[in-house]
Amino acid sequence: MKKVTLGSTGITAVQNGFGALPIQRDSTEVAVQLLRKAYEGGFRYFDTARDYTDSEEKIGAAFAADDGTRIGNLFRDHREEIFIATKTHAATPDVFWKELNISLSNMKCGYIDVYQFHQMNQCWKPGDGTGMYECMLEAKEKGLIRHIGATTHKIGVAEEIAASGLYETLQYPFSYLASDRDKALVKSCAEHNVGYIAMKGLAGGLINHSDAAMAFMTQYDNVMPIWGIQRESELDEWLSYMDHTPEMTEEIAAYIEKEQTELSGNFCRGCGYCMPCTVGITINQCNRMSLMLRRAPSASWLTPHWQEEMNRIEDCINCRVCTTRCPYELDIPKLLRENLEDYRNVLTGKVSVQ
Ligand code: SF4
Ligand code: SF4
């Protein structure tokens, strides 16, 4: 597994990052085991967020405690080898300082390597009147954070951040389903010496061949993928690539090309940013049902539970609140109706899937 350096941060770590959102759903005991096993297996870059409920606390429990095993207290003995990134949703300086202190206290890490504004809707700059960028500078001067990062789901904002010269890292979705504009963003980050943190490397569950996902990432020297990990089997899959990193062979390239053809255009990534729906539709699953029916065993999606969920699409009142929140600017009510029609065709046998 090669190492990548994240732009001007100088952070150099194996190109296999740990996305700590899913460990929210684990018990503390399981999360601690996963995180420590990840470190032992070579993971060095860990990404979480203040918004991920107790994910930060689990990182603290894993790395700032000595559980009597041979790797001991990692933050005490190996702090410089571990890179911790977290995020704040703060929109005012008061909330910024409050959240930063909570994150430091939760993780007991002394300082945060990469502190990111979470899901930015605008590129905060010095002197813009919000005081937010100044907070980052002050936190850096005080040694509470080492690098200033940004995350967003809006391509225009991401492009501005990349070119601004103000942010040392940018986190944005990136996978082999990325558009040309997304790829240009990665290039722009490289040109501006901004480290690129790739979220949703499996496109929200649509990509089900991790070797192809990994082979794609290895083509980019400034990109750190952070794979969401909840189970030991998932961790083991990514760990297996530490020693045997998939390469972009002709076979994988052909597979990716086929996938790109099949999944091109407007499709729901399942991120859930559009939720909650005014009438309770589970948009992030129902809106990609046609894809899921064809990319996973369909039986699990044809249960009475999912039939009921899909039927709820008929309740859509077209208020379009969801569309204002979708970073991919999808016409959600229209896509939902298309998915419902296809679902019913599959259910009644008019259309067959595997
Ligand atoms: S437009 Fe339909 S799917 Fe979207 S929030 Fe309104 S009711 Fe829900
Ligand atoms: S409709 Fe848009 S915001 Fe909602 S889950 Fe799909 S991609 Fe995400």
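Both ligands and their constituent atoms are indexed starting at 1 by order of listing.
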Worksheet item: Would you say Cys316 reaches atom 4 (Fe) of ligand 1 with an N/O/S atom under 2.8 Å?
Response: no

Fill in: Identity and separation of the nearest protein heavy atom to atom 7 (S) of ligand 1
Ile317 N, 3.5 Å

Worksheet entry | Within the 6.0 Å centroid threshold, strictly below: Tyr255 and His209 | yes

Worksheet entry | Atoms of ligand 2 close to Tyr328 [distance to a heavy atom under 4.0 angstrom, numbered from 1] | 7 (S)

Worksheet item: Which residue owns the protein heavy atom closest to atom 1 (S) of ligand 1, what's the atom, and how far is it?
Response: Arg320 N, 3.2 Å

Item to complete: Could you point out which residue of Thr12, Asn222, Asn193 forms a side chain to side chain donor-acceptor pair (under 3.5 Å) with Thr5?
Response: Thr12

Discussion item. Using a 4.0 Å cut-off to any heavy atom of Asn287, which atoms of ligand 2 qualify?
Written reply: 1 (S)

Worksheet item: Nearest protein heavy-atom contact for atom 6 (Fe) of ligand 2: which residue, which atom, what distance?
Response: Cys268 SG, 2.3 Å

Practice prompt. Return the residue, atom name and 0.1 Å-rounded distance of the protein heavy atom closest to atom 5 (S) of ligand 2.
Written response: Gly272 N, 3.1 Å

Worksheet item: On the ring face of Phe267, is Arg269 found with NZ or CZ under 6.0 Å from the centre and within 45° of the axis?
Response: yes

Item to complete: Note the single closest protein heavy atom to atom 3 (S) of ligand 1, along with its residue, its atom name and the distance in Å.
Response: Leu336 CD1, 3.7 Å

Discussion item. Residue-level breakdown please: for Asp315 versus ligand 1, do any non-hydrogen atoms fall below 4.0 Å on the side chain, on the backbone, on both, or on neither?
Written reply: neither

Response to the item:
Per-atom filter on ligand 2: closer than 4.0 angstrom to a heavy atom of Gly270 are 5 (S), 6 (Fe)

Worksheet item: Considering only protein heavy atoms, which is closest to atom 8 (Fe) of ligand 2, and at what distance to one decimal place?
Response: Cys271 SG, 2.3 Å

Fill in: side chain to side chain contact (heavy atoms under 4.5 Å, CB included) between Lys200 and His153, intermediate numbers included
CA-CA 11 Å; Lys200 304 200 190 306; His153 289 82; 4.1 Å; yes

Worksheet entry | Aromatic centroids of Phe18 and Phe83 separated by under 6.0 Å | no

Discussion item. Tell me whether atom 6 (Fe) of ligand 2 has Cys274 as a neighbour, meaning an N, O or S atom of it below 2.8 Å.
Written reply: no

Worksheet, complete the sentence: Here the atoms of ligand 2 under 4.0 Å from any heavy atom belonging to Ile332 are 1 (S)

Practice prompt. Would you mind listing which atoms of ligand 1 come within a distance below 4.0 Å of any non-hydrogen atom of Thr278?
Written response: 5 (S), 6 (Fe), 8 (Fe)

Practice prompt. Using the side chain to side chain contact (heavy atoms under 4.5 Å, CB included) rule, take Gln15 and Thr218 through it: C-alpha gap first, then chi angles, then the decisive distance, then the call.
Written response: CA-CA 8 Å; Gln15 197 176 29; Thr218 62; 3.9 Å; yes

Discussion item. Pairing donors with acceptors under 3.5 angstrom, does anything connect the side chains of Asn311 and Arg344?
Written reply: yes

Fill in: Which residue and heavy atom of the protein sit nearest atom 2 (Fe) of ligand 2, plus the separation
Cys326 SG, 2.4 Å

Worksheet item: Which atoms of ligand 2 are found less than 4.0 Å from any heavy atom of Asn284?
Response: 5 (S)

Practice prompt. Record the part of Cys322 in heavy-atom contact with ligand 1 below 4.0 Å; permitted values are side chain, backbone, both and neither.
Written response: both

